[in-house]
Amino acid sequence: MNGRIGVARGTALYVGAVLGPGVLVLPALAMHAAGPASLLAWAAMLAVSVPIAAAFAALGIRYPDAGGVATFTRRAFGPTAGAVVGWWFFTAVPMGMVAGAMAGARYAATVLGVGPSGAAGIAAGMLAAAYAMNLVGLHLSGRLHLALTGGLCALLATVIVVSVPHIDATRFTPFAPHGVTGIGSAAAVLFVAICGWEAAAHLAGEFAHPRRQLPIVAAGSLSIIALLYAGLAICTVGVLGASGGQSEVPLLRLLGPQAGVGATAAAALCALLLTFGACFTFIAAAARAGAALGRDGAFPGWFAVTGADGVPRRSLAVQAGGAAVVAVAALAAPTVVDVDLLMRVFSVLVASVTLLGLASAVRLLGSPLIRGGAAVGATVVGGVAVCAGPLVVLPAAVAVAALIWRRRHSAPRGLPAGTQPARPSPATASRQMAVMDVQPRRSYDLVNPGAGISASTRSRPASER
C-alpha cells in the first residue's frame, strides 16, 4: 500500500494547512479594511470554502498525485497550463511561509519582551524546524503534527469561550464605515484564510484509501475551520471594536485583559502552533509539487530526484532557499516588505492556483453538484483576485517566466531547440492512441519509489482521462 496517511493525520494536515498563521493577523487586517462589515467578507469566504473543499477532494480522489492542482490543470487544459499553475504555487509558498512565521513570531516576542530582533530569531527558528521535519518525511512526523494540531484547536476554542462574554453590541456600529470597497478589500486579504485546500491536494496520493478517506477528512476539516474562524472574527469585532484593526496581536488582546499572564502565554503558544502547522503542510506540498514539476518537464529534471524514503530533498532545498531570500528582503526593508504585503502577494498567487483548479474541476468531474459548486467558487475566487488591485500583475509575470522557460527547454531530446519531431500519419496516430487506451501508464511514484505504478497512474478507461 503506497499511502501512509489515515483520517486523523489527514485531518490534522488539512486543518494545519487552512487554519494557518493568517488567523493571527487576518481578523485585524479585515477589521482595518472594512470595520464590522468585515464579518460579511468572512461569511463569503467561509461559504465559498465549501465548494472549494468539495471540488479539490473530488479531484484528489480521482487523480491522487503529488502534482496536485498542476496535475489537475494539465489533465484539463494541457501541459502548458499545468506548468503555469505549478510555477504559481511553487513561487507563492516561500512568501506565505515567511509572512506566517513573522506573524507568529510577533506574538511570542510580545510575551517574551524581546523586541523585533527576537521576533526575527523566533521566525527563523520556526521555519528551520518546519523544513527540518519535512526532511524526516510525513510518515515519521505525522504523530507529532497530529498532537500539535489538537492542542492548537483546543487553545483557539479557549480564546473564543473566554472572549464571548465580553462582546459589546455597540462595537458593531457603524457597520460599514468604508462601504462596499472596504468589504471587497477585506475579502481580498481574507482569501488567505481559506487557502490550503489547493496545498492539501498535493498530499492526496499519500492517503492509504483516498476514495474513502478524503471525503471524511475534507468534511471534518471544514467543520473545525469554519467554527474557529467564525468565532474569532466575531470576537475580534465585538470585543476589540475599531481598535482591533490597529493591533498587530489581536489574539493576545482578546485574552490578555481578561485572564492574565497565563492566557497570554497560551495565546503565544497558539501562535507558534498555528505557524508551525501551516508551514509544515505547505512546505511538504510545495516540495512535492516541485518534484512533480521536474518529473513532468515543467521544472528541470533535477527537482524530481528523491531519496530512498521518497522525500524530495532537492525541491525542499530550493524552497528553503527561496524563503531565506524573502526573509532577508523583509529584514532589509521592513517598511516595504511587511506581513500585509507578503500576505497579499501570497493570496493573489494562490487565488490564481485555486481558480485554475476549480476550472479543472468543472471540466473533469462528472457530478453536476460538485461541478456547479466549483463554477460558483471559481467566480468568487476570480472576483477576489480582481480585488487585489495592482498585485494581479504578479501571476501574469510568473506565468510569462514559466512560458519562457518551457519554450526554451521543451524541445524533444536529440532535436535542436525550436525543432518539432515528424508527425506520424493519421493511421499510425490512431493505432498509437488505441494502444495508450489499453496499456497502463507508468510514472515514478514520488511517495513510495519502490511501488512501481502509483495510485494516480494505474490504467483507466479512456472515458475517465
Colleague: What closest approach, in Å, do Leu364 and Phe72 show between heavy atoms, and which atom pair accounts for it?
Modeller: CD1-O, 3.5 Å
Colleague: Working to the nearest 0.5 angstrom, can you tell me the gap between Arg62 CZ and Arg211 CZ?
Modeller: 9.0 Å
Colleague: Just do the side-chain contact (heavy atoms from CB on, under 4.5 Å) check on Arg295 and Asp65 with the steps written out, would you?
Modeller: CA-CA 12 Å; Arg295 175 199 66 192; Asp65 182 74; 2.9 Å; yes
Colleague: Can you name the side-chain contact (heavy atoms from CB on, under 4.5 Å) partners of Ala33, sequence neighbours left out?
Modeller: Ser185, Ala186
Colleague: Is any side-chain heavy atom of Met97 less than 4.5 Å from a side-chain heavy atom of Val326?
Modeller: no
Colleague: For the residue pair Pro51 and Val380, establish whether any side-chain heavy-atom pair is separated by less than 4.5 Å.
Modeller: no
Colleague: Identify the two heavy atoms, one from His32 and one from His178, that lie closest to each other, and give their separation to 0.1 Å.
Modeller: O-NE2, 3.8 Å
Colleague: Would you call Ile183 and Ser38 a side-chain contact if the rule is heavy atoms closer than 4.5 Å?
Modeller: no
Colleague: How long is the straight-line distance from CG of Asp296 back to OG1 of Thr71, given to the nearest 0.5 Å?
Modeller: 6.0 Å
Colleague: Identify the two heavy atoms, one from Leu228 and one from Cys153, that lie closest to each other, and give their separation to 0.1 Å.
Modeller: CD1-SG, 4.1 Å
Colleague: Whether Arg344 and Asp338 form a salt bridge (side-chain N of Lys/Arg under 4.0 Å from carboxylate O of Asp/Glu) is what I want to check.
Modeller: no
Colleague: What's the separation between atom CD1 in Ile52 and atom CG in Leu222, rounded to the nearest 0.5 Å?
Modeller: 10.0 Å
Colleague: Quick check: closest heavy atoms across Phe299 and Gly290, and the distance to 0.1 Å?
Modeller: CD2-O, 3.9 Å
Colleague: Please report, to 0.1 Å, the donor-acceptor pairs under 3.5 Å made by any side chain of residues 79-96, with sequence neighbours excluded.
Modeller:
{"residue": "Thr80", "atom": "OG1", "partner": "Arg406", "partner atom": "NE", "Å": "3.4"}
{"residue": "Trp87", "atom": "NE1", "partner": "Ala298", "partner atom": "O", "Å": "3.1"}
{"residue": "Trp88", "atom": "NE1", "partner": "Pro395", "partner atom": "O", "Å": "2.8"}
{"residue": "Thr91", "atom": "OG1", "partner": "Trp87", "partner atom": "O", "Å": "2.7"}

Colleague: Is there a side-chain contact between Val217 and Phe207 (heavy atoms, below 4.5 Å)?
Modeller: yes
Colleague: Are the side chains of Ser360 and Val69 in contact, using a 4.5 Å heavy-atom criterion?
Modeller: no
Colleague: Evaluate the criterion side-chain contact (heavy atoms from CB on, under 4.5 Å) for residue pair Gln319 and Tyr131; output intermediate values, then yes/no.
Modeller: CA-CA 9 Å; Gln319 276 289 308; Tyr131 281 105; 4.1 Å; yes
Colleague: Restricting to ring-ring contact (aromatic ring centres under 6.0 Å, His included), what partner residues turn up for Phe282, sequence neighbours left out?
Modeller: Phe346
Colleague: Determine the minimum heavy-atom distance between Leu214 and Ala57, stating which atoms define it.
Modeller: CD1-O, 4.0 Å
Colleague: With a 4.5 Å limit on heavy-atom distance, are the side chains of Ile122 and Met126 in contact?
Modeller: yes
Colleague: What's the spacing between Leu46 CG and Ile225 CD1 if we round to 0.5 Å?
Modeller: 9.5 Å
Colleague: Show every donor-acceptor pair shorter than 3.5 Å between a side-chain atom in residues 350-358 and any protein atom, with sequence neighbours excluded, or say none if there are none.
Modeller:
{"residue": "Ser352", "atom": "OG", "partner": "Val348", "partner atom": "O", "Å": "2.9"}
{"residue": "Thr354", "atom": "OG1", "partner": "Glu198", "partner atom": "OE1", "Å": "3.3"}
{"residue": "Thr354", "atom": "OG1", "partner": "Val350", "partner atom": "O", "Å": "2.9"}

Colleague: Any chance you could lay out the side-chain contact (heavy atoms from CB on, under 4.5 Å) test for Leu293 and Phe303, step after step, and finish with the verdict?
Modeller: CA-CA 8 Å; Leu293 290 168; Phe303 278 78; over 6 Å; no
Colleague: Does Val311 form a side-chain contact (heavy atoms from CB on, under 4.5 Å) with Asn134? I'd like the steps, not just the answer.
Modeller: CA-CA 8 Å; Val311 177; Asn134 268 283; over 6 Å; no
Colleague: Would you call Tyr229 and Ser49 a side-chain contact if the rule is heavy atoms closer than 4.5 Å?
Modeller: no
Colleague: Do the non-hydrogen side-chain atoms of Met133 and Phe276 ever get within less than 4.5 Å of each other?
Modeller: yes
Colleague: State which residues pass side-chain contact (heavy atoms from CB on, under 4.5 Å) with Leu369; sequence neighbours excluded, sorted by chain then number.
Modeller: Ser367
Colleague: How far does CG of Leu341 sit from CG of Leu391, to the nearest 0.5 angstrom?
Modeller: 6.5 Å
Colleague: Which residues pass the side-chain contact (heavy atoms from CB on, under 4.5 Å) test with Ala330, sequence neighbours left out?
Modeller: Met102, Val337
Colleague: Ser347 side chain to Met343 main-chain N or O, any donor-acceptor pair under 3.5 Å?
Modeller: no
Colleague: Shortest non-hydrogen contact from Leu59 to Ala361?
Modeller: CD1-CB, 3.8 Å
